[in-house]
Amino acid sequence: MMKIDEVIVFLLVGIALFSGCVKDEGEEGLAIAGSTTVQPIVTRAVEVYTQNNPDMKIGVQGGGSGTGIRMVGEGSVNIGASSRELSEDELLKHPDLVVHPIAIDCITIIVHPSNPIEDLSIQQIRDIFTGKITNFREAGGPDREIVLVIREDGSGTRSTFEGIVMGDAEISNTALQKPASGAIRFTIARNENAIGYLGIGYLDETVKAISINGVSPSKENIRKGEYSISRKLYLITKEEPLGKTKEFIDFILSEDGQKIVEEEGFISVRQDA
Amino acid sequence: MHKTLNPENTIKGVLLLFGITAILILSLIVIFLFNEGLPLFQYIGVSDFLLGDKWVPEKDLYGTFPFIISTIFVILGALLIAIPLGISCAVFLAEIAPRRARELVRPAIELLAGIPSIIYGLFALVVIVDLIKISFNLANGETILAGSIILAVMILPIVISISQDSIEAVPGTYREGSYAMGATDWQTISRVVVPAARRGIIASIILGCGRAIGETMAIALVIGNAEKLPLSLLDSGETLTTAILLEMGEAVIGSLHYNALFCLGIIPFIIVLFLSIISSRLISKSVTRFE
C-alpha cells in the first residue's frame, strides 16, 4: 500500500513535470526536502548554484525535519534538510544517513514591540513557559497576562527550544500552537500579551527579540557561543555524498554558500566567516 | 433492435465502472485509515486514548479527551449561531421574500459555499479574532468562539438551501388549509409549514454538522490549538482535525505518534458516517411523505 508521503511525492513529481521543472533521480537533477527553517538557505543556494550550472535541475520542498529525514532515508529525495539531529528511531531505521552541518541557527525569545521587557534569565523563561509565571509583572515587565505561542509537537524548533531551555520541564498546555515560524511571528506581532520563540532567520521588525541573561542575540554573541539558545542546521544524505549531491553540498559549505547562509539570517559554520 | 441496444449497454457499463471506482476509492481510504491507525491500540488502551487528558507524543501519552471536547464545543457553538440564522433565512426565502429578493439572495448564499476555507480562516484571523479579544477583554482572541463563528458562516449555505428546499416542498394545500382556519401568516409558518418540513430541516442541520466536524483549515488558523481541556467558548482549544493538520508533517512514519494521528481521523470519520446515514434517512422519508 502507498504511504501518504509517497502519494505526496508522486503528486509533487507530477506537478514538477507539468511545470517543466523536471525532478530526476539520476544524473540530471537533485531533489531536496525537509525543514522549513533550512528551506530559505537551500532555496537561495539553489538559485545561485543553478545560475552557474544551468544544466542542473534542483527541486526544493518543505515538509518539516521529520519528513526530510524520512524521505532521504527512503531514497525519495537526494538530500534531506533538518533543523535537529537524527533521533534514535531514525538512526535505527536508516543507519546509513550522513549529516552535514551547514549553518548555526539561533532561537530568539520574542515579544510584541510594545512590550517594555528587555531581558529574561533562562530560569524566568522556563517559568513562563511552564505556566508558573502567568503575568509579565512577575518577571519585571508590565501588568499583562502572558499568552504563550509555541510550535507544534514534533517541530525541530520546538525540540531545540525544549532541549536547551526547558530541560525536563513541560510546556504549559495553555500555549497556542502554530504550524510554522511565520505563523508564530504573525501571532506575536498582533498580540501585545504574547511571548514565543523564533529562529533568528525569521526575525524582523514586527516583533522584538529580548536578551537572555544579559546577552542579546547578536551575530557576534552567537558565534562566540555566549548566547545560549542556538543549534546547528543540517543537510542529510544517504551514505557519503557523491557526484552532483556532493558538488551541491560543497557549494553550500564554500565561502559563497556560507555568504547565503549569513544573508538569510543564520550564522556561518566556517570559522573564518 | 440489437444495434440500438449496444451503445446503451456500453454507456451503462462505463457509468457502472465510474460508480464502482467511487466505492473502491472510499473503501481503500477506509482500509488505509484503519490499517495505519489501529496498531496504536496494541500499546495504548482505547479508554486511555478517548479519556486521557494529556497529549505528549514524546512521552507516548495520547489522550484525546481535550481534542474531543474542543471539537464538540466548536460545533455546538457553530450550530448555536447557524441554526436560528439559517432556519429564519430559509423561512424568509421560502415563504416571505418577494421573488426578486429570492433570486438575489439564494445565489449569494450558494456562493458562500464556494469560498475556499482558507479564505474564511484568514478573514477570521485578522477580523474576528481581534474583535473577540477586544469585546471580551481577553488576553488572547484565538478562541473556540472564533472557530464557531467562522464555521457557522461556512455551514449556513447547507442549512439554508436544504431547509428552504424542504419548506418549499410542503404542499400548498397545507397552507391553504391553515389560512382557511383563520390562521395568520405567522401562525401558518410557525405551526404548520415549519413543523411539516422539520425532517428536512433537521437533516440540513445534521449535514451542516458533518461539514463542521471535517472542517480543518479555517479553524486551525483561529482557535489557537492549545492542548488543554477548554472550559468555555472563550478558551483556546485544539480539535481532532487541527491536531492532525499541525502534527502530521513532523510525525515519524510508522511511529506511535503517526498511528495516533490516524486514530484521530477515525473518530470524526465514524461520527460523520453516522450523521450521513441519519440525514439520508430523514431526507428520503421527508420526500416520500409528500408524494
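Every value quoted in this text rests on a predicted model; they were computed, and no experiment measured them.
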Given side chain to side chain contact (heavy atoms under 4.5 Å, CB included), test B/Trp55 with A/Asp153 step by step and report yes or no. CA-CA 9 Å; B/Trp55 177 273; A/Asp153 281 314; 3.5 Å; yes
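- Considering only heavy atoms from C-beta on, B/Glu238 stays 4.5 Å or farther from A/Leu176 through its side chain.
- Around atom CZ of B/Phe41, more than 12 heavy atoms belonging to other residues, nucleotides or ligands sit under 6.0 Å away.
- Residue B/Ser255 holds its OG atom at 7.0 Å from NZ of A/Lys93, rounded to the nearest 0.5 Å.
- Residue B/Asn140 comes nearest to A/Val147 through the heavy atom pair CB-CG2, 3.6 Å, listed as atom of the first residue, atom of the second, then distance.
- Surrounding CD of A/Glu90 are more than 12 heavy atoms belonging to other residues, nucleotides or ligands, all under 6.0 Å away.
- Side chain of A/Arg144 to backbone of B/Ala139: no donor-acceptor contact under 3.5 angstrom is found.
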Could you go through A/Glu170 and B/Val56, starting from their C-alpha distance and side-chain angles, then the distance that decides it, and tell me whether this counts as side chain to side chain contact (heavy atoms under 4.5 Å, CB included)? CA-CA 9 Å; A/Glu170 221 169 88; B/Val56 188; 4.2 Å; yes
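- The distance from atom OG1 of A/Thr67 to atom CE of B/Met248, rounded to the nearest 0.5 Å, is 10.0 Å.
- Considering only heavy atoms from C-beta on, B/Glu142 comes within 4.5 Å of A/Lys178 through its side chain.
- Each of B/Leu221, B/Thr242, B/Leu246 was checked for a side-chain contact (heavy atoms from CB on, under 4.5 Å) with A/Pro179, and the lone residue meeting it is B/Leu246.
- A distance of 4.5 Å separates NZ of B/Lys133 from CG of A/Asn191, quoted to the nearest 0.5 Å.
- The side-chain contact (heavy atoms from CB on, under 4.5 Å) with A/Arg190 is formed by just one residue from the set B/Val126, B/Leu125, B/Val129; it is B/Val126.
- More than 12 non-hydrogen atoms from other residues, nucleotides or ligands lie less than 6.0 angstrom from NZ of B/Lys228.
- The residue among A/Gly66, A/Gly62, A/Ala194, A/Ala175 with the most heavy atom pairs within less than 4.5 Å of chain B is A/Ala175.
- Within the 4.5 angstrom heavy-atom criterion, no atom of B/Asp235 approaches chain A.
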